Each structure stands twice: as C-alpha cells, then as structure tokens.
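Read the structure below first, then the notes.
Remember, it's a predicted structure, so these values are computed and weren't measured experimentally. Letters A, B, ... mirror the listed sequences (proteins, then strands); counts begin at 1.
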Amino acid sequence: MAVAAISTGNLTKDYGLGRGLFDLDLQVPQQEVFGFLGPNGAGKSTTIRCLMGLIRPTAGSAHVFGLDCLRDYVAVKRKVGYIPGDMPQFGSLRGSEVVAYLGALRGGADLKVVRSLAERFSLDLSRRYREYSSGNKRKLGIVLAFMHQPPLLILDEPTGGLDPLNQQEFFDLVADAREEGATIFLSSHILSEVEHICDRVGIIRSGRLVKIADLDELHRIRFHRVEMEFAPDAKVPVDAIRSATGVEDVVVDDRTVTCTVRGSFEPLLDAIRGANVTNLVSHEPSLEETFLEYYREAPPAKALPA
Amino acid sequence: MTVVTLLALRLGRWGIAGFGLIAFAISLLQTAGFYQVAGRTEAERRAFGRSMSILAEQFAVIVAVPTRPDTVGGYVQWRAFGFLAILFAIWGLAAASGAARGDEERGVVEAVLATGLSKPRLIAARMTAYTLGSLVAAFAASAGFLVGVATGGETFTVAPALQAAIPLAALGICCFSLTMFLAQLGSARSATAIAGVVLLGLFLVNRLSQTFDFLVAWRPVSPFHYYEQSSPLAPYGILDIRATLILVAIAIAAAVFATLAFRYRDLGSPLISLPASSRPASYEMSMSVVWRIPVVRDLYDRRVSLLIWAAGLSALGALFVVLTKEIVQPLLSIPALSRYFSNYLTGDVYASFLGYIWFGFAQLLMAGFAITQVARWSAEDSDGRLELILSNPISRVRIVVERAIVLAVGALIIAAVSGVAVGIEAHYQSIELDRGRLVEASLLLVPFTLVFGAVGALLASRLPRATVGLLGAFAFASYIGVQLGPIFKLPEWVQDLSAFKLYGQPLTGGVDQTGFLTMIGIVVVALTASAIVMKRRDIGA
C-alpha cells in the first residue's frame with residue numbers, strides 16, 4: 001500500500017486559552033484533493049504550518065510521504081509546493097525576479113512551466129511586486145507553488161483575492177495537477193469552493209477535527225437561504241414549495257417567500273415553475289452558520305477519527 | 001480633542017516619546033558638557049568661546065554661527081538647539097510622509113475616511129497631533145537644558161528656556177506641514193524623497209546664503225531663516241515673535257494647500273502623475289545569474305542601500321579628513337579638551353585625531369548599518385517572507401549563516417570604499433596615514449559590524465519588536481560612553497561596557513588583539529545561539 005501523502009497522529013499545537021490545534025488525526029492518500037474547511041481562527045493555518053515544519057507541535061506527529069515534518073523538514077520541502085495564507089512583501093523586486101529568487105532556492109525553475117503558469121493567469125511578471133494587486137500577488141503565489149510540479153501541494157486559502165474567472169482557472173489547474181499525480185491539500189472557509197474540486201473535506205472547529213466528509217455528505221450538509229418575490233397578480237405556490245424535497249423553514253409574507261434549501265435546487269425550481277417570480281435571491285451562509293445549523297440538534301463530538 | 005486626533009497621537013506615540021527623549025538628552029548632555037570643558041573662570045570661558053567661534057566657522061554649512069558661546073545659554077543655543085532644528089525637521093519630514101502616504105498605503109487613511117470623516121478634518125487632526133507632539137518634545141529640550149544647568153551648580157531664568165522651545169516646535173510643525181503638502185504631489189514611494197529634497201534645499205539656501213551673496217535674496221523662503229532669528233538662551237537674545245509667527249503662517253498655508261491637494265486627488269494616487277507607458281506583458285522569469293548564487297542574490301537585492309551607505313560613509317569620511325586640519329588646533333587650544341584628547345593623540349596629531357574622531361563615528365554608523373539589516377530580518381519574519389523562503393528545501397541554519405555572510409560582505413564593501421576615500425583625501429590634505437594601519441582600521445569595522453548583527457540576530461529571534469530599539473540604544477550608549485565618558489569622568493568599568501572599546505585605536509595603535517578576539521568570540525557565540533534558536537522557534541505563528 002502506498003504511503004499516505006499526509007498523515008498526522010494526535011497532532012497538537014496548544015497556544016493556551018483554548019487556542020490552537022488539538023489531537024488531529026488525519027490521513028490524506030496520494031492523488032487526493034483534500035479540502036480543509038473551517039471558519040477563521042479554527043486552526044487551518046496552524047495545521048498547515050505544522051505540516052510545513054514551520055512551527056513545532058506541542059504533541060503528536062506529522063508526516064509527508066512518510067517523512068517527519070519536523071526532523072526531515074528540508075526533505076519534506078523538496079516534495080511540497082506551498083501557498084501561504086498571506087503573501088509577503090517583496091518591495092521593489094519584479095515578479096520575474098521573485099520567481100527567479102525563490103526558484104533558485106530549489107536549484108532553479110523550469111522556464112516553460114513558469115511561462116505557461118503566468119500566461120494561464122495573465123500575470124505580467126515584468127511588473128514590480130509592490131504594484132501588484134492582492135489578486136496578482138495571489139497569482140504569483142500560485143506560480144511559485146506549482147512551478148516545480150511537486151507531488152504535494154499545500155495551499156492555504158489559495159483563492160483569496162482571485163476573481164471568479166481566475167478562481168475557475170485555479171480549479172482547472174488543481175484538476176490538471178491531480179491528473180498528473182499530485183496530491184492537493186487546500187484550506188478554505190467557503191464550502192462551495194471546496195465542493196468544486198475536492199474528493200473529501202475535513203472540517204475543523206475550535207482546533208478540533210469534527211468531520212471528514214465525502215462529496216455526497218458535503219451536499220447534504222450544504223444549504224442555501226432563498227428569498228423569492230412573486231408578481232402581484234400571480235398565485236404563490238406555497239403548498240408546492242412546502243412539499244418540495246430539501247425545502248425547509250418556509251415563511252410566507254404576502255408576496256414574499258423565504259425558505260432553506262438543502263442539496264439540489266431542482267425540487268424548488270419545479271415547485272415554482274409557471275409562477276410569476278419577479279425576484280429570486282439565493283444566499284450561501286457562512287461555514288459557521290452552516291455548522292451551527294448542522295449541529296443544531298446534535299452538538300459536535302470531540303475529535304473524530306479520520 | 002477628536003477621536004482621530006487621539007488616533008494620530010497614538011500612531012505617533014513612539015516618535016513623540018523617542019524625539020522627546022533625544023531632545024532632552026541632547027540639551028542635557030550639551031549643557032552638562034559645557035561645564036566640563038569650558039572651565040570655571042571668566043578667562044577660561046572666554047578662551048573657550050573664541051575656540052568655539054573658530055570651530056563654528058568650519059561648520060557654517062550645518063549650523064549658524066554662535067552668539068556668546070562662552071556662556072552656557074549661548075553655547076547650548078548653538079550646539080543643542082542648532083542641531084535639534086535639523087532633527088525636528090527630519091522628524092517633521094518622516095512623520096508627515098508617514099501620515100500622508102505611509103498610512104494611506106497601510107489602509108489606515110481609507111479606513112478612517114470610511115467612517116465619514118472629511119479629508120480636511122483628517123489633515124487637521126494629523127496637524128493637531130503633530131503640533132502637540134512637537135511641543136512636548138521641544139519643551140523636553142528646554143527641560144534638559146534646565147536640568148543640565150542645575151547639574152552645573154548655576155541657575156538660569158526659566159522663561160528664556162521655555163521660549164527656546166517655541167521656535168523649535170514651530171519649525172518642526174512648519175516642516176511637517178510642508179511635507180504634508182509635498183507628499184500629495186508625487187507617488188507614495190517618492191513622497192519622502194520629494195519632500196526631503198525640498199527641505200534640504202530650503203536648509204541649504206539659508207545656510208549657504210551666509211557664504212554666497214547671490215542666495216541672500218532667497219533666504220526669506222527658508223523656514224530655517226526664521227528659526228535662527230530667535231536665540232532666547234543667549235545673553236540679550238530674544239524670542240523673535242514676528243519670525244515665529246511667520247513659521248506658523250507658513251505651516252497653516254502649507255496645510256491649506258495640502259488639504260486642497262488631498263481633496264482633488266484620488267486616494268492612493270498622486271495629484272500629479274505622468275501617463276504610464278504601455279508595454280506588453282511579460283511571462284518570463286528573470287534569467288539574471290545573480291539570483292542563482294547564494295549571498296550574491298541578497299547583496300543584489302540590497303544594492304541600492306549598499307550603494308547609499310558606501311557613498312555616504314565615503315563622503316563623510318572625506319569631510320572629516322578636510323575638517324581635521326581646520327578644527328584640531330581650535331579644539332586643542334581648549335585646556336579641558338586638550339587634556340581629553342591627550343589620552344588618544346599620539347604621534348602625528350592629525351592622523352591620531354582622525355583615527356579617534358572619524359573611526360569612532362564610523363563605528364556608530366556601521367552599528368547603524370547592522371541595525372538596519374537586523375530590522376530587515378525582523379521584517380522578513382513578521383511580513384511572511386521568511387515563511388515563504390523556508391517553504392523551500394533549505395535549512396534554517398543556512399538562513400542564519402547566509403544572513404551573517406551578507407552582512408559581513410556588505411560591511412566589507414562599505415568599510416573598503418570609505419577607507420579608500422579617507423586615504424585619498426588624507427593624501428590630498430597632506431595628512432600622513434600609515435596605509436597598513438588604515439587598511440586594518442577599515443577592515444576591523446567588519447567584525448565590529450558583525451558583533452551588532454550577531455547580537456541583533458539573537459535578539460530578533462526572541463524579541464523581534466524590541467530588537468531595533470534595544471540595539472540602537474546600546475549603540476548610542478556605547479558611542480556616548482567612549483566619546484564622552486572621559487569628559488564626564490564616568491567610571492572606567494562603565495566605559496568598558498561600550499562595544500566601541502573592543503575596536504580600540506587601530507589607526508594609531510594597531511589592532512588590539514584582545515578586543516579583536518573578543519569581537520570574534522561574541523560573533524561566534526551569538527551566531528551559534530541564534531542558529532540554535534532559529535532551529536527551534538516557530539515561524540509565522
């Protein structure tokens with residue numbers, strides 16, 4: 001059996017006052033796209049920094065392809081491409097110089113790969129780093145992480161600051177990397193984002209892994225709040241809406257109907273087909289709201305085994 | 001006081017505290033120093049005053065000629081408040097460019113304006129905060145003077161001491177306001193440079209107009225001219241109310257222009273901008289060989305600052321050589337200073353004076369160079385650059401070693417270039433310098449710089465926020481300890497605590513082997529400890 005790309009055992013980083021990461025047991029097999037979901041401050045970046053050997057765990061262990069992340073941190077880095085949560089400052093260096101500088105730390109980068117990545121994201125490498133927008137800085141981070149075509153990519157909220165078109169390009173890039181055999185571990189606090197690309201997701205709250213879910217389960221967890229307005233002369237199909245699969249919490253206020261939709265929108269769209277809808281707004285709640293809703297009746301267990 | 005003014009005061013609190021402390025220390029040291037070197041009898045002080053006047057003529061390009069330097073008031077007005085004028089102008093420049101454009105780049109201005117505050121009120125709040133801070137620091141200078149006079153066992157009327165602070169604060173406010181306006185014109189990056197060039201120009205117009213007649217007509221445009229009209233500390237000196245009000249008027253006018261410019265420009269953009277040249281996008285990474293070679297890539301990254309340090313030290317070194325010939329005799333004619341210098345001057349008086357004064361100052365500057373590099377290491381840690389560098393397959397020990405080598409090579413370049421400049425200028429000034437000793441003295445600056453770098457590396461890994469302040473204070477205290485310790489008759493053991501003692505007097509006495517080996521020992525121990533700490537510490541946490 002192939003060694004796991006990432007494995008942690010009771011990984012703990014205790015910052016005191018209940019902050020940090022506690023007893024993380026996680027296995028990410030090779031060639032998987034694994035999403036690490038959690039609200040801000042949940043412990044995603046702490047986990048990633050432990051994997052990168054940047055911080056010392058208080059207890060437990062972390063391994064990448066069987067290598068100890070702390071003891072063998074140099075060897076681990078040879079196998080990893082990394083995007084940090086916040087891109088640092090490179091001042092007056094040009095994008096091309098930042099790529100050459102960090103590329104040289106790995107013994108050089110492939111010109112063709114760099115060019116192809118920069119073209120893919122329309123990133124002008126001749127501009128100075130300080131002139132880059134936050135989106136362009138994030139694109140540069142993507143180039144730096146992918147340019148060595150590493151077998152494992154550890155990406156801390158990689159789409160932050162990217163516009164929807166570039167987000168889609170990034171999802172395609174992740175899919176391509178996976179096709180070529182790479183394992184991808186990415187953190188996010190947006191459920192819909194990981195749903196696009198991940199095989200499995202781990203959900204972390206207050207430093208503890210509370211759920212590992214596959215795509216089907218993710219769809220069950222996920223919900224939307226929907227608000228619909230009907231034309232003054234239209235008949236509001238209240239009964240059809242109430243009986244639609246996955247539709248809950250229906251509230252009718254004159255010509256306005258609000259409800260919660262779990263899973264597919266198809267049953268709701270079927271229910272309102274033919275009615276004169278003048279406005280329909282769908283809003284995805286934050287991850288925290290999603291999980292408050294999810295655990296409304298069943299409070300979270302401590303840590304779950306992977 | 002508005003919330004924004006309080007916020008501005010909070011943002012500038014370290015500047016106010018730091019400059020207040022420096023102003024207090026400078027006026028205290030100069031006042032106390034006067035009693036140590038000027039003598040006690042009227043004749044001694046008159047002789048001292050004459051020597052100072054001769055000396056002042058050599059520095060006319062920097063400070064005004066003194067009035068009655070044989071009195072404590074006249075001397076401190078010239079030595080302390082003359083220098084503080086330059087310091088307050090620099091503070092005004094730095095504070096205003098930070099308030100006008102630095103905070104804008106950090107998003108503070110955007111956040112404040114988003115609360116509904118108008119741009120004029122924001123500028124008014126920043127002006128008010130700086131005015132308060134400047135007054136606090138200026139009155140600290142007055143307090144330093146009064147304390148210094150008390151230590152000399154004399155008394156001085158309080159009113160003139162307080163009056164001396166008013167034009168000083170007004171000059172600082174004027175420079176702040178002018179910079180506020182000038183910083184609106186160009187890009188955020190060029191704001192400090194534009195304002196710095198203009199303020200330097202105004203300073204030089206006033207100073208050089210004392211020498212060049214064609215500049216006399218331009219003197220009234222310089223705020224420094226109005227500052228110099230007041231000298232309340234000197235006997236029969238006055239606080240020139242008209243000149244001080246003109247300074248205030250310039251400050252108000254500049255603030256109004258700054259407000260107008262701020263209103264008409266977009267946030268993040270300059271008022272005046274050139275159309276950007278269109279060029280096709282490039283998707284190629286740099287093929288320059290410098291990025292592939294360890295150490296060289298970091299030196300290349302710092303090339304501009306290295307060039308400025310090397311050029312600056314060379315120019316200052318050459319200036320010291322030129323001044324040496326002019327100022328040695330006036331200084332040695334003062335009995336107290338003659339006794340003081342007799343400890344250091346051996347053999348050729350000019351060579352040994354140069355070795356003591358210039359290489360003492362060069363040590364302070366090299367310590368400053370090391371501190372800037374340490375500050376950069378701290379910044380790399382806090383802004384995430386170190387985290388990204390360490391995401392590559394390189395060891396943490398290598399980071400420490402490479403940083404030390406970069407610092408050593410940088411120091412070597414600066415020391416070598418400035419050493420050559422001093423040697424050439426000394427040749428032209430007919431000062432006989434032993435070439436071998438000059439090389440040794442210059443090269444010895446490298447381990448001296450490394451001492452500060454290695455200790456700084458260790459401090460930065462434990463106390464990153466406090467490192468620059470602690471190292472800077474230690475460097476300054478070391479300099480004062482060695483240079484002024486004998487004048488103030490500080491105990492020998494206090495003087496021995498100075499890092500500058502390790503350097504010795506290599507230009508006249510050769511390399512002090514004990515000092516050299518101690519420096520190497522400190523570097524090795526501190527770097528080893530720094531590497532151990534670096535291996536164990538959390539990065540980016």
Side-chain angles (χ1 to χ4, degrees), chain A residues 13 15 45-46 49 52-56 73-109 111 114-127 130 141 143-145 147-148 154, chain B residues 105-107 187-190 268 276-305 376 379-399 402 533-541:
Chain A
K13 179 69 181 179
Y15 289 117
S45 295
T46 301
R49 288 190 176 124
M52 293 299 294
L54 294 167
I55 58 177
R56 299 176 79 84
Y73 70 92
V74 175
V76 165
K77 309 294 173 52
R78 288 201 185 95
K79 295 178 181 292
V80 178
Y82 175 59
I83 299 180
D86 295 307
M87 284 298 285
Q89 294 301 320
F90 284 100
S92 59
L93 290 190
R94 295 181 190 281
S96 59
E97 293 174 328
V98 176
V99 173
Y101 178 31
L102 291 170
L105 295 176
R106 286 177 182 266
L111 272 177
V114 171
R115 187 187 305 128
S116 132
L117 285 165
E119 277 177 347
R120 192 164 180 170
F121 287 94
S122 305
L123 177 65
D124 183 357
L125 291 175
S126 66
R127 290 180 61 194
R130 65 163 183 271
V143 172
L144 295 171
M147 67 183 179
H148 299 287
I154 295 180
Chain B
E105 288 212 307
R106 286 186 284 272
S187 67
R189 208 174 140 70
S190 62
S277 60
S278 61
R279 56 184 160 79
S282 164
Y283 304 113
E284 305 295 331
M285 78 170 181
S286 170
M287 292 305 292
S288 172
V289 73
V290 294
W291 299 111
R292 291 180 223 157
I293 307 168
V295 176
V296 173
R297 58 180 160 237
D298 290 306
L299 286 168
Y300 183 71
D301 192 15
R302 292 159 170 79
R303 62 195 181 280
V304 175
S305 66
R376 186 185 167 115
E380 282 182 356
D381 197 346
S382 57
D383 75 11
R385 187 160 167 171
L386 181 61
E387 180 181 343
L388 196 57
I389 288 170
L390 280 173
S391 72
N392 293 285
I394 54 171
S395 76
R396 293 183 179 205
V397 174
R398 182 176 147 184
I399 298 273
E402 275 191 20
V533 173
M534 177 67 113
K535 274 191 85 169
R536 300 193 59 82
R537 63 188 280 247
D538 291 346
I539 306 288

What distance do [X] atom [atom1] and [Y] atom [atom2] have between them, rounded to the nearest 0.5 Å?
X: D298(B); Y: Y101(A); atom1: CG; atom2: OH; value: 4.0 Å
X: I394(B); Y: R78(A); atom1: CD1; atom2: CZ; value: 11.0 Å
X: L144(A); Y: L388(B); atom1: CG; atom2: CG; value: 6.0 Å

Do side-chain atoms of [X] reach the backbone of [Y] as a donor and acceptor pair under 3.5 angstrom?
X: D124(A); Y: S282(B); value: yes
X: Y283(B); Y: L117(A); value: no
X: K77(A); Y: L390(B); value: yes

So do [Y] and [X] actually touch side chain to side chain, heavy atoms under 4.5 Å?
X: V290(B); Y: E97(A); value: no
X: E387(B); Y: P88(A); value: no
X: I539(B); Y: R49(A); value: no

Under the side-chain contact (heavy atoms from CB on, under 4.5 Å) criterion, do L54(A) and R537(B) qualify, and how do the steps go?
CA-CA 8 Å; L54(A) 294 167; R537(B) 63 188 280 247; over 6 Å; no
Heavy-atom pairs under 4.5 Å with chain B: which of [options] has the most?
options: V98(A), V74(A), T46(A), I154(A); value: V74(A)
options: G85(A), G141(A), A109(A); value: A109(A)
options: V80(A), V99(A), L105(A); value: L105(A)
options: G81(A), G103(A), A100(A), G95(A); value: A100(A)

Of all of M287(B), R536(B), E380(B), which one pairs up most often with chain A through heavy atoms under 4.5 Å apart?
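Greatest number of close heavy-atom pairs with chain A: R536(B).
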When heavy-atom pairs shorter than 4.5 Å are enumerated against chain A, which of R279(B), R292(B), E284(B) gives the highest number?
E284(B)
List the atom of I389(B), the atom of L102(A), and the distance in Å for their closest heavy-atom pair.
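Closest approach of I389(B) to L102(A), heavy atoms only: CG1-CD2, 4.1 Å.
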To check you understand the geometry: which heavy-atom pair defines the closest contact between R396(B) and G53(A), and what is its length?
NH2-O, 2.9 Å
Measuring heavy-atom distances to chain B, does [X] have an atom under 4.5 Å in its side chain, in its backbone, in both, or in neither?
X: L93(A); value: side chain
X: S116(A); value: neither
X: Y73(A); value: side chain
X: A75(A); value: neither

Below 4.0 angstrom, N of the basic side chain to O of the carboxylate: do K13(A) and D538(B) qualify?
yes
Got a sec: does the CG of D381(B) have more than 12 other heavy atoms crowding it under 6.0 Å?
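Yes.
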Checking R385(B) against chain A: side chain, backbone, both or neither under 4.5 Å from a heavy atom?
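Looking at R385(B), backbone and side chain both touch chain A.
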